[in-house]
Structures are given as C-alpha cells and as structure tokens.
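Just so you know, ligand 1 is whichever comes first in the structure, and atom 1 is the first atom listed for that ligand.
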Amino acid sequence: MEKLCMMLMLMLCSAVMAMPVVLGIDESPKAVEEWFQNLSHRKEKLTKLHFYFHDIVSGKNPTAIHVAQANTTFTSPTLFGLVNMMDDALTVGPEPDSKIVGRAQGIYGSACLEDFGLLMTLNFVFTEGKHNGSTLSVLGRNSAFHEYREMPIVGGSGVFRVARGVATAKTIWFNLTTGDAVVEYQVMVLHY
Ligand SMILES: *[C@@H]1O[C@H](CO)[C@@H](O)[C@H](O)[C@H]1NC(C)=O
Ligand SMILES: *[C@@H]1O[C@H](CO)[C@@H](O)[C@H](O)[C@H]1NC(C)=O
Ligand SMILES: *[C@@H]1O[C@H](CO)[C@@H](O)[C@H](O)[C@H]1NC(C)=O
Ligand SMILES: *[C@@H]1O[C@H](CO)[C@@H](O)[C@H](O)[C@H]1NC(C)=O
C-alpha cells in the first residue's frame, strides 16, 4: 500500500523556473512587503499535494476532541451544534505509523440541520521538506458521508502566500465503533 502512495510532493506544472531553495521563511514585515513588491515578477504555479489525514477521536491519545455541543445536539439526527478541535496528523501513507508530513489544526463543527454537513476551518501545517513551516488554510463544507468532498483553500503562508485552491477529501477507513477515520486528501493549489 505504502508503495502506491506518493510522497508529499511538489509538481511544477508551469514552465521550469530557477527558484532558490527556501531555507526557512523570513516572516518579518519587511520581507513580506518585499515579497509583495516582487509579486508581478513571479509566475503563478500549480502544486499538487497528496496525504492522509488521521482523525483519532478514541483511546488515550485522541487528536480530535469534542469541545462543545448544544443541549439539543444528541437528539439531532445530524448532531447539529457539535464542535470538535483537532490537531490531526497528516501522513504520506494511510497506515497509522506512516511518516508524518504535517498536521491539520483547527475546528470542525456540525453545521447542517437537515443532512450531515461539517463546517471545516483549519490550517494544514507542513513540517517536512520544502513546505516545512508553510501553511494552507481551509474553509469549507464537508459532507462527510459523501464519497468526495471539495473544500476551498482560501489562503496560505510561507511558500503558500496568497494561495488559493481546492482540497478534495475521501474517507478510506472509518471505524463505526470508535469514530476514528483516515481520510485521503488531494490538494491542488495555485501560489507563487
Ligand atoms: C525582489 O527582487 C529583487 C530584484 O530582483 C531581489 O534583489 C530581491 O531579493 C527580491 N526580494 C524578494 C523578497 O524576493
Ligand atoms: C436547552 O437549554 C435552554 C437554555 O438553558 C433551555 O431553555 C431549554 O429548555 C433546553 N432545552 C432542552 C431540550 O433541554
Ligand atoms: C522544520 O523546520 C523546523 C523549524 O525551522 C526545524 O526545527 C525542523 O528541523 C524542520 N524539519 C525538517 C524535517 O526539515
Ligand atoms: C473498531 O474499533 C474497535 C474498538 O477499538 C475494534 O475492536 C474494531 O476491531 C475496530 N474495527 C475496525 C474495522 O478496525
């Protein structure tokens, strides 16, 4: 299975450009201002990312915890009002011990009265390779029982400054007893 899964990788679909290797990102206001001043000289590129998201809600070390609910949440067919905070591992492969390349940090909440629909507000925080220290921000709707869910990437930091794109999620493993899940993500992101 591991072999089938691609490493978190960067694909430059635009023309090959001579880019210096980014060794740590200067986040000072001056560096950010310079970066914006140079923006017109930069070419937008498309990067494709692929990883697995481990939503562990059970056991001694959950990475997603229930933080709030309404008094009507557990009588609602869609668990309306349930709010969870996550710091979920992002890995190269679907196995629980696969190499970690980042975290998904944020909140998901049950936001739909009629169907099961989650409001996702989170940052993908990358911790490996050329994306180490960079983030992507997701704000979208996750119909978690649908096969594919498309969520907007609304921004980013570091190598992903002023990024925009789309993340697609597909649940590949779900334990009904514990609620733990492994979700495959593909992210297509435009950035400079
Ligand atoms: C902006 O462009 C100038 C001239 O090409 C270059 O010297 C400088 O390093 C660039 N700054 C950034 C933040 O990329
Ligand atoms: C929920 O809480 C509100 C405010 O405390 C209360 O007025 C209401 O009766 C409660 N509803 C139920 C179903 O317990
Ligand atoms: C990622 O960046 C942090 C902070 O700069 C550094 O401590 C860490 O060693 C880096 N990790 C990798 C795998 O490069
Ligand atoms: C789901 O979790 C329960 C409790 O840990 C475990 O007994 C069961 O084997 C798990 N099911 C699957 C499909 O992994």
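In this structure, atom 7 (O) of ligand 2 is not in close contact with the protein, since no protein heavy atom lies within 4.0 Å of it. Contact annotation for atom 11 (N) of ligand 4: protein present (non-hydrogen atoms, distance under 4.0 Å). Within the 4.0 Å cut-off (strictly below), a protein heavy atom is located near atom 3 (C) of ligand 2.
Scanning all protein heavy atoms for the shortest distance to atom 9 (O) of ligand 4 gives Asn175 ND2, 4.7 Å. Of the protein's non-hydrogen atoms, Asn132 ND2, 1.5 Å is the one closest to atom 1 (C) of ligand 3. Nearest non-hydrogen protein atom to atom 14 (O) of ligand 2 is Asn71 ND2, 3.3 Å. The protein heavy-atom contact nearest to atom 5 (O) of ligand 4 is Thr178 CG2, 3.7 Å. Glu128 OE2, 3.4 Å is the protein heavy atom nearest to atom 13 (C) of ligand 3.
Aromatic ring centroids of Phe124 and Phe51 lie under 6.0 Å apart.
One distance of note links CZ of Arg103 with CG of Leu90; it measures 7.5 Å at 0.5 Å rounding. Interatomic distance, Leu136 CG to Phe126 CZ, rounded to the nearest 0.5 Å: 4.5 Å.
In this structure, Ser134 contributes its side chain and Gly158 its backbone to no donor-acceptor pair below 3.5 Å. Between the side chain of Thr78 and the main chain of Glu114, no donor-acceptor pair closer than 3.5 Å is present. Using a distance-only test at 3.5 Å, with no hydrogens or angles considered, a donor-acceptor pair links the side chain of Asp180 to the main chain of Ser58.
Contact atoms of ligand 4 toward Trp173: 14 (O) (distance under 4.0 Å to a heavy atom of the residue). Listed by atom number, the atoms of ligand 3 under 4.0 Å from Thr127 heavy atoms are 11 (N), 12 (C), 13 (C).
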Practice task
Give the C-alpha distance, both sets of side-chain angles, the deciding distance and a yes or no for side-chain contact (heavy atoms from CB on, under 4.5 Å) between Val183 and Arg149.
Solution key: CA-CA 11 Å; Val183 180; Arg149 293 91 68 180; 3.8 Å; yes
